[in-house]
Structures are given as structure tokens and as C-alpha cells.
Amino acid sequence: MNPPREQTELMEKIQQVDFALVELTLYLDTHPQDYRAIQQFNQLATESRQLKSQYEQQFGPLRQFGGSYSAYPWNWNDSPWPWQM
Amino acid sequence: MWTYEKKLQYPVKVSECNPRLARFLIEQYGGADGELSAALRYLNQRYSIPDKVIGLLTDIGTEEFAHLEMIAAMVYKLTKDATPDQLKEAGLGPHYANHDKALFYHDAAGNPWTATYIQAKGDPIADLYEDIAAEEKARATYQWIINMSDDPCLNDSLKFLREREIVHSQRFREAVEILKQERDKKQYF
């Protein structure tokens with residue numbers, strides 16, 4: 001099952017931003033005084049939220065347990081799951 | 001608590017059905033130096049490690065679960081269209097006899113995962129040195145699998161995981177230095 005190209009592209013954008021956030025998190029865990037890294041972290045955190053909201057409006061919820069809103073009927077359980085994409 | 005995000009940390013694509021590669025990849029699913037071992041090791045050690053490095057163990061441990069999901073996605077994609085004959089030919093006959101195409105926590109040779117793969121010594125330096133060694137062993141395993149793989153799509157994801165092991169090792173090394181500084185500070189005052 002191949003998702004629409006638009007979905008794959010937006011997902012890859014999210015994966016890029018979230019990767020930078022993971023990397024910055026680990027870096028800041030051992031370099032807590034790096035002001036510029038924290039600025040970058042906070043900026044990317046905003047960008048990640050915006051991209052996810054945009055994705056969710058078109059392709060369904062990404063975040064579990066209330067991190068995302070549901071359409072009617074309940075669409076958290078909808079396929080495809082990540083390994084099916 | 002933990003929450004799930006309906007996305008992979010990094011895209012997983014495979015060129016074709018290839019159960020032989022899946023058999024090797026299982027090493028990083030339920031093997032001694034695999035992603036399950038890594039996640040459970042760090043998330044268990046964090047309860048008795050000094051506060052300065054709890055965040056690091058929590059975050060790396062959490063990332064390891066995302067890697068575990070990537071390995072599962074690889075194995076799923078490499079085997080989903082395979083016939084029983086193809087699985088048998090790839091050396092997965094014993095796996096198929098017990099699990100069909102279900103994933104199971106064992107290594108490439110079929111040994112089931114065991115808690116004896118991981119340690120929590122309660123000594124922060126001993127624990128962090130184990131963690132550094134675990135990352136280096138996982139990095140080496142990814143390299144050996146890449147050396148045997150001729151699937152460029154899969155290798156792209158495997159190289160991502162290999163690089164993550166290097167970063168984790170580096171962060172754990174920094175954590176050791178942080179704890180040494182703390183220890184020395186206490187001696188002076």
C-alpha cells in the first residue's frame with residue numbers, strides 16, 4: 001500500500017525536524033549551557049507542532065492519548081500504521 | 001509515562017522481498033547488543049544513576065524503542081511477501097515452524113532474548129561504561145549487516161542507525177566526564 005506522494009513528503013519533513021529535535025535533546029542533556037542550541041531547539045519545537053497539525057488535518061492523528069484531535073468516527077485506529085507505509 | 005507517535009523516526013524502504021536479510025536483521029531486534037537490550041538497559045539503569053545523567057538515559061532509552069520499531073518495519077517489509085519455501089531457503093524454516101511470520105525477540109541464530117544480556121550494577125561509572133560498550137557493539141553489528149546486504153534502500157536506513165550508535169556512544173562518554181567532574185568537586189569542598 002503506497003500512501004499519496006504528498007503524505008510521504010510531509011511525513012519526511014516532520015521526520016527531518018523531529019530528528020533535529022532528538023539530536024538537540026541528547027546534545028543538551030550533556031551541554032545544558034549552550035544558549036544557541038536551546039534557541040534552535042525551541043524554534044524547531046514550534047515548527048514540529050505546526051507541521052504535525054498540518055499533517056493531521058489531511059492524513060489523520062499522529063499523537064496518542066490526546067496529543068491529537070480525532071475526527072468522527074474515531075480515526076486513531078485507521079491504517080496505515082508506520083511499518084505499513 | 002510514554003506516548004506513541006504514529007511515525008517512524010527515519011523512513012524504512014526495501015528494494016525487494018529478501019528473507020535472508022531479515023534473518024540477519026533479527027540480531028538487532030532480539031540479540032544481545034540489539035535495540036531491545038539497549039532500551040531496557042538504559043531505562044532500567046536510570047533509577048539509580050546520579051540526577052545529572054537521568055535525562056540522557058531516559059532520552060536515549062526512548063530513542064532505542066524508535067529504533068526497535070524501525071528494525072521491525074524492515075523485517076516486516078522484507079518478509080511479508082515471502083512464501084514458506086522462500087523462508088525455508090533463507091534459513092528461516094525453524095522460525096516459520098514456531099512463529100509463522102510473526103516477529104519474535106531472538107537473535108540471528110535463534111537464541112531467545114534474555115535479561116542476562118544487560119546489567120545494572122548500581123555503580124554509575126560501571127553502568128555508563130557498559131552503555132558505551134553496548135553502543136560500540138551495536139555499531140559494529142550494523143556494519144557487519146551492511147557488509148552482507150546488497151539492498152541500497154535498506155542500507156540507507158541501516159546507516160542512519162549505525163550513526164545513531166556513534167552519537168549515543170559520544171553522549172555516554174560525555175556523561176562519564178560529567179560524573180567525574182562532580183566526584184572531583186566533592187573531594188575539594
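We name chains A, B, ... by the order of the sequence lines, and we start the count at 1 in each one.
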Item to check | Interatomic spacing from CG in B:Leu128 to CZ in B:Arg171 - rounded to 0.5 Å | outcome: 14.0 Å

Item to check | Proximity breakdown for B:Phe160 and chain A, heavy-atom pairs closer than 4.5 Å | outcome: side chain

Item to check | Minimum heavy-atom distance B:Asp100-B:His95, with the two atoms named | outcome: O-CD2, 3.4 Å

Item to check | Residue, of B:Arg164, B:Lys13, B:Met70, that accumulates the most heavy atom pairs under 4.5 Å with chain A | outcome: B:Arg164

Checklist entry - Quick one: what part of B:Tyr10 sits under 4.5 Å from any heavy atom of chain A, side chain, backbone, both or neither? => result backbone

Next on the checklist: Please evaluate residues B:Tyr29 and B:Phe104 with respect to the criterion ring-ring contact (aromatic ring centres under 6.0 Å, His included), reporting the C-alpha separation (whole Å), side-chain torsions for both, the decisive distance (0.1 Å), and the verdict.
Outcome noted: CA-CA 8 Å; B:Tyr29 196 69; B:Phe104 194 70; 9.2 Å; no

Next on the checklist: The test is side chain to side chain donor-acceptor pair (under 3.5 Å); show your working for B:Gln119 and B:Gln45 and say whether it passes.
Outcome noted: CA-CA 8 Å; B:Gln119 180 58 294; B:Gln45 288 176 351; over 6 Å; no

Checklist entry - Is there a salt bridge (charged side-chain N to carboxylate O under 4.0 Å, His left out) between B:Arg139 and B:Glu136 once you walk through the steps? => result CA-CA 5 Å; B:Arg139 174 189 52 74; B:Glu136 298 300 337; 2.9 Å; yes

Next on the checklist: Please rank B:Leu56, B:Thr62, B:Val167 by heavy-atom pairs under 4.5 Å with chain A and give me the top one.
Outcome noted: B:Leu56

Item to check | chain A contact via B:Gln170 - which portion, at a heavy-atom distance below 4.5 Å | outcome: neither

Checklist entry - Side chain, backbone, both or neither: which part of B:Ile178 has a non-hydrogen atom closer than 4.5 Å to chain A? => result side chain

Item to check | side chain to side chain donor-acceptor pair (under 3.5 Å) evaluation trace for B:Ser37 with B:Trp113 | outcome: CA-CA 8 Å; B:Ser37 294; B:Trp113 189 86; 2.7 Å; yes

Checklist outcome for this item: Whatever's closer than 4.5 Å to a heavy atom in chain B on A:Pro61 counts as backbone

Item to check | Region of A:Glu12 that comes under 4.5 Å of a non-hydrogen atom in chain B | outcome: side chain

Item to check | Heavy-atom contact with chain A under 4.5 Å, split by part of B:Lys7 | outcome: both

Checklist outcome for this item: Which of A:Arg63, A:Lys13, A:Arg49, A:Lys52 passes salt bridge (charged side-chain N to carboxylate O under 4.0 Å, His left out) with A:Asp18? It is A:Lys52

Item to check | B:Glu5 portion near chain A, given a 4.5 angstrom heavy-atom threshold | outcome: both

